[in-house]
Visitor: 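One structure follows; several queries about it will come next.
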Amino acid sequence: MTPTEADSATTAEADSVARVALVVARFYPDLADEITAAAEARVDARDATVVERVPVPGAYDAPLVADRLARRDDVDAVAVLGVVVTGDTDHDQVVTHATARLLGRVALDRDTPVGFGVLGPDMSGAEAHDRVEKAASAVDAAIDTHAALRSVTSP
Ligand SMILES: Nc1c(NC[C@H](O)[C@H](O)[C@H](O)CO)[nH]c(=O)[nH]c1=O
Ligand SMILES: CC(=O)[C@@H](O)COP(=O)(O)O
């Protein structure tokens, strides 16, 4: 292989590595740590790379940060991770539905995949613990959507 061929092969390889940003709602810190570890394992399994990890206080605070990250040229996809647990009121419904809706807007406005890895509503902490892998699968969804976009975008 000539140096020029080697360079273009390296560039093509770099181009195919999805660059993922993680936004982590830390409202329940232990669960957030579990989900982050699982999400980073998914990134590794996909031969992708984490370009940024940004903690936010709660799920509802994630869309603004996801939007800022989705504007960046070095971010191919964003995954938002967190847990919304049921309390005494319907606060969990309000937070989860608003977060989901706003994150959908980020994806469309920024033309960037935003994986939804927020567990809840109608969920206890124990149930969330059992669903850590489901939250982490938002990474796969974001990477797969990035690949889908590449396949349908005109050169
Ligand atoms: N109850 C939960 C929240 N609530 C907090 C909001 O997400 C937000 O931080 C607050 O309203 C200030 O903007 N967040 C979670 O992630 N999980 C919950 O169970
Ligand atoms: C339990 C929580 O973290 C949150 O969903 C809010 O709880 P509450 O409905 O009791 O205000």
Side-chain angles (χ1 to χ4, degrees), residues 1 4-84 92 95-121 123 127-155:
M1 189 182 288
T4 308
E5 286 170 331
D7 284 347
S8 55
T10 306
T11 305
E13 195 180 325
D15 280 350
S16 70
V17 173
R19 300 161 300 177
V20 180
L22 303 178
V23 182
V24 184
R26 296 205 52 84
F27 203 81
Y28 294 100
D30 292 348
L31 287 166
D33 287 343
E34 281 186 61
I35 292 172
T36 302
E40 293 191 357
R42 293 310 312 153
V43 171
D44 286 347
R46 298 297 300 269
D47 291 327
T49 183
V50 176
V51 290
E52 196 84 63
R53 298 167 189 77
V54 185
V56 292
Y60 182 78
D61 310 303
L64 178 61
V65 174
D67 184 90
R68 190 66 59 88
L69 290 164
R71 293 170 191 238
R72 281 172 45 168
D73 290 338
D74 66 337
V75 171
D76 295 316
V78 179
V80 176
L81 310 167
V83 174
V84 182
D92 63 324
V95 168
T96 311
H97 294 308
T99 303
R101 185 177 294 271
L102 290 167
L103 289 175
R105 263 185 50 191
V106 172
L108 294 175
D109 289 351
R110 304 296 163 211
D111 198 29
T112 300
V114 179
F116 185 68
V118 178
L119 299 174
M123 186 153 300
E127 288 169 331
H129 174 74
D130 289 342
R131 287 173 171 76
V132 160
E133 290 298 331
K134 288 188 188 295
S137 70
V139 166
D140 293 289
I143 292 170
D144 289 343
T145 305
H146 170 61
L149 283 177
R150 284 168 65 111
S151 75
V152 298
T153 302
S154 312

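Computed from a predicted model, the values in this text were never measured in an experiment.
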Visitor: Which atoms form the tightest heavy-atom contact between Gly120 and Thr96, and what is the distance?
Guide: O-CG2, 3.4 Å

Visitor: Leu119 vs Ile35, test: side-chain contact (heavy atoms from CB on, under 4.5 Å). Steps then yes/no.
Guide: CA-CA 10 Å; Leu119 299 174; Ile35 292 172; 4.2 Å; yes

Visitor: Taking the side chain as every heavy atom from C-beta outward, state whether Val118 and Val83 have any pair of such atoms under 4.5 Å apart.
Guide: no

Visitor: Roughly how far, to the nearest 0.5 Å, is OG of Ser151 from NE2 of His146?
Guide: 10.5 Å

Visitor: Closest heavy-atom contact between Pro63 and Thr99?
Guide: CG-O, 4.2 Å

Visitor: Which residues satisfy the side-chain contact (heavy atoms from CB on, under 4.5 Å) test with Ala70, sequence neighbours excluded?
Guide: Val78, Val106, Arg110, Thr112

Visitor: Please name the pair of heavy atoms, one in Gly115 and one in Ala142, separated by the smallest distance, quoted to 0.1 Å.
Guide: N-CB, 4.0 Å

Visitor: For residues Leu31 and His129, determine if any side-chain heavy atom of one lies less than 4.5 Å from a side-chain heavy atom of the other.
Guide: yes

Visitor: Do you know the tightest heavy-atom contact between Leu149 and Asp111?
Guide: CD1-O, 4.2 Å

Visitor: Who passes side-chain contact (heavy atoms from CB on, under 4.5 Å) against Ala38, sequence neighbours left out?
Guide: Val132, Glu133, Ala136

Visitor: For residues 49-66, which residue pairs pass the side chain to side chain donor-acceptor pair (under 3.5 Å) check, not counting sequence neighbours?
Guide: Glu40-Arg53, Glu52-Arg72

Visitor: Are side-chain heavy atoms of Val20 and Val51 found at a separation under 4.5 Å?
Guide: no

Visitor: Quick one: side-chain hydrogen bond (donor to acceptor under 3.5 Å, both in side chains) partners of Asp130, sequence neighbours excluded?
Guide: none

Visitor: Can you find a heavy atom in the side chain of Val17 that is under 4.5 Å from one in the side chain of Asp47?
Guide: no

Visitor: Tell me the side chain to side chain donor-acceptor pair (under 3.5 Å) pairs involving residues 21-31, sequence neighbours left out?
Guide: Arg26-Asp33

Visitor: When rounded to the nearest 0.5 angstrom, what distance separates NE2 in His97 from CG in Asp92?
Guide: 8.0 Å

Visitor: For the backbone of Arg19 and the side chain of Asp76, can you confirm whether one donor and one acceptor N or O come within less than 3.5 Å of each other?
Guide: yes

Visitor: What are the two closest heavy atoms between Ala48 and Ala18, and how far apart are they?
Guide: CB-O, 3.3 Å

Visitor: Evaluate salt bridge (Lys or Arg N to Asp or Glu O under 4.0 Å) for Asp144 paired with Arg46, printing each intermediate quantity in order.
Guide: CA-CA 10 Å; Asp144 289 343; Arg46 298 297 300 269; 2.6 Å; yes

Visitor: Where is the tightest heavy-atom contact between Val139 and Ala79, given as atom of each residue plus distance?
Guide: CG2-CB, 4.0 Å

Visitor: Is Val54 close to Leu69 at the side-chain level, that is, under 4.5 Å between some pair of heavy atoms?
Guide: yes

